[in-house]
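Start at 1 and go down the list; that is how both ligands and their atoms are numbered. The analysis underlying the following values was restricted to heavy atoms, covering all of them including side chains, and did not include hydrogens, waters or symmetry mates. Nothing fancy with the numbering, it's 1 onward along the sequence.
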Amino acid sequence: MNSTHLMSNYGTRALTLVRGEGSRVWDDQGKEYLDAVSGLAVCGLGHCHPAVTAALTNQADTLVHCSNLFNIPHQQELADKLSAISGLDRAFFCNSGTEANEAAIKLCRLYAHSKSIENPEILVCEGAFHGRSLGALSATWGSKARNGFAPLLEGFSHIPYGDISAVEAAATNESIVAVMLEPIQGEAGVVIPPPEYLHQLRSLCDTKGWLLVLDEIQTGNGRTGSYFAFQQSQAKPDILTTAKGLGNGLPIGACLASKEIADLLVPGTHGTTFGGNPLVSRAACAVVDTIETEKLADRAKEIGSWLVDQLQLRLGDLPQVLDIRGAGLMLAIELSGPCSELVALAANAGLIINVTGSNRVRLLPPLNISNSDAHMLLDILCPLIEAWEAK
Ligand SMILES: Cc1ncc(COP(=O)(O)O)c(C=O)c1O
């Protein structure tokens, strides 16, 4: 089913999914799949979680939208919840991860101008993915996303990821105002920096008066084994962006910031029509509550490390398997060559997986995946990788 009236940016889509429940989805032919991608790290609670469905149906019957001209009690409640979890004082809600990063970039620029830095630079990382609007794209790395869209925004310098000496080497530039990065790079293929990296960055930012901006759009909301990934390193950012798992499928993004930084925004300087409307805010409150009450970050940590151990046991000795890694339920198997055909082979066998960076199998199952589904994931995926290896 490929409509000629859709733009061609997504290429051909092989499957048509029409229903979901928990970690399962069904296509239009009635075939059932175990979903180990969760709509790209979005449906962390699984599909159609009853708490989110109840919040949505109730709110859809009450008030869907009113715009940010009015108080939105569930938006305030959501800001309170995220502030209590993150330790950051203020929240701005928007509709996507990209928009959350735009807000973060704008805050960095306001911060720069408040310090009379006229042409501010933000340090960003090679391998980074921050979104596709012109601002976020300028922070994103890689010719595939960037080619053809020049001129991009000025004011971003890319440095190697995970290498504190590269940041120190750039530190002589007086125009730098912030470092913006993912605590674990997602689209690059689950790239995990050295354990001390975030902490070192925090210290350097403190010394230099730079802002630490963490893009937790993919790593947030329990995915890596704590509500936000930064909580595992105690490197509290000045600005944090999140989206994806926050709405479990409802479009919502958030930019959180310390009071001093957030207060640089005054009425009229930033905004959105839909962002944080009653429907999405109510759904996101249900998501946050469920992650907390069902201790889903802990669950992700436990089942994620079991999966990594099992994958090591079953695939670790294969010469073409270069690495198996993960944090919580953000996992990757790095192979020695292109392996995108595994996506169709897995779907054929009833499993949804993702391949990124051409040779990394990425797994992002729901945080509440059952033990038996985790076994099933391994039982489908491991033989496929063994067969790929044998070729
Ligand atoms: C780390 C990160 N930042 C930003 C984005 C962009 O988010 P969105 O697609 O919701 O605009 C993504 C999406 O994959 C992401 O993984």
Side-chain angles (χ1 to χ4, degrees), residues 7 9-10 37-44 86 92-108 122-142 144-146 149 152-153 156 158 161-162 178-193 197-198 212-224 227-230 237 239-256 272 274-276 280 283-284 287 326-332 352-357 360 362-365:
M7 291 199 189
N9 53 313
Y10 294 119
V37 182
S38 310
L40 290 171
V42 167
C43 300
S86 66
F92 164 77
F93 294 107
C94 48
N95 311 289
S96 67
T98 299
E99 284 176 64
N101 282 337
E102 287 294 330
I105 293 164
K106 288 176 81 174
L107 278 174
C108 291
I122 300 175
L123 290 179
V124 287
C125 290
E126 293 172 7
F129 187 83
H130 295 297
R132 295 178 187 273
S133 62
L134 282 173
L137 184 62
S138 306
T140 289
W141 172 257
K144 198 167 174 196
R146 291 162 63 100
F149 298 110
L152 295 179
L153 243 58
F156 297 92
H158 285 91
Y161 183 67
V179 187
M180 176 174 177
L181 73 159
E182 300 153 84
I184 293 172
Q185 289 186 331
E187 298 309 293
V190 189
V191 181
I192 304 175
Y197 181 57
L198 279 190
L212 179 62
V213 183
L214 291 183
D215 175 340
E216 294 236 24
I217 284 155
Q218 193 163 146
T219 54
N221 307 294
R223 176 60 52 193
T224 71
Y227 195 96
F228 290 115
F230 86 82
I239 302 176
L240 180 152
T241 55
T242 193
K244 288 192 181 276
L246 180 59
N248 213 56
L250 271 289
I252 182 165
C255 175
L256 312 178
T272 158
F274 297 118
V280 296
V287 172
L329 282 171
M330 188 168 173
L331 309 169
I352 308 276
I353 59 165
N354 173 248
V355 168
T356 184
R360 287 129 198 230
R362 184 171 49 155
L363 304 172
L364 304 156

Task: Backbone or side-chain N or O of Phe129 under 3.5 Å from ligand 1 N or O - done: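 In this structure, Phe129 places an N or O atom under 3.5 Å from an N or O of ligand 1.
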Task: Any N/O pair His130/ligand 1 closer than 3.5 Å - done: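 No - when backbone and side-chain N and O of His130 are compared with those of ligand 1, no distance drops under 3.5 Å.
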Open item on the list: Tell me if a side-chain donor or acceptor on Thr241 pairs with a main-chain N or O of Cys255 at a distance below 3.5 Å.
Closed with: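 A pair under 3.5 Å: no.
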Are any of the side-chain heavy atoms of [X] and [Y] separated by less than 4.5 Å?
X      : Y      : result
Leu137 : Arg146 : yes
Glu216 : Phe228 : yes
Asn95  : Thr272 : yes
Leu214 : Met180 : no

Below 4.0 angstrom from a heavy atom of [X], which ligand 1 atoms are there? Numbered from 1 as shown, please.
X      : answer
Glu182 : 1 (C)
Glu187 : 14 (O), 16 (O)
Asn101 : 3 (N), 4 (C)

Where is the nearest protein heavy atom to [atom]: which residue, which atom, and how far?
atom                    : result
atom 16 (O) of ligand 1 : Gln218 NE2, 2.8 Å
atom 3 (N) of ligand 1  : Asp215 OD2, 2.7 Å
atom 10 (O) of ligand 1 : Gly97 N, 2.9 Å

Task: Residue pair Glu102 / Ser133, side-chain donor-acceptor N/O under 3.5 Å - done: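 Per modelled atom types, Glu102 and Ser133 side chains form a pair under 3.5 Å.
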TODO: Evaluate the ring planes of His158 and Trp141, with Trp represented by its six-membered ring, and classify them as parallel (under 30°), tilted (30 to 60°) or perpendicular (over 60°).
DONE: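 The arrangement is tilted - the two ring planes meet at 30° to 60°.
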Open item on the list: Show me the pairs that pass salt bridge (Lys or Arg N to Asp or Glu O under 4.0 Å) and involve residues 178-191, at least two apart or across chains.
Closed with: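 Sorted result for residues 178-191: Glu187-Arg362.
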Task: ligand 1 contacted by Lys244 (non-hydrogen, < 4.0 Å) - done: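 Checking ligand 1 against Lys244, which is what was asked, there is a heavy-atom contact under 4.0 Å.
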Task: Gln185, portion touching ligand 1 at heavy-atom distance under 4.0 Å - done: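 Answer for Gln185: neither.
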Open item on the list: Heavy atoms only: which of Thr98, Thr219, Ile217 lies closest to atom 9 (O) of ligand 1?
Closed with: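 Ranked by closest heavy atom to atom 9 (O) of ligand 1, first place is Thr98.
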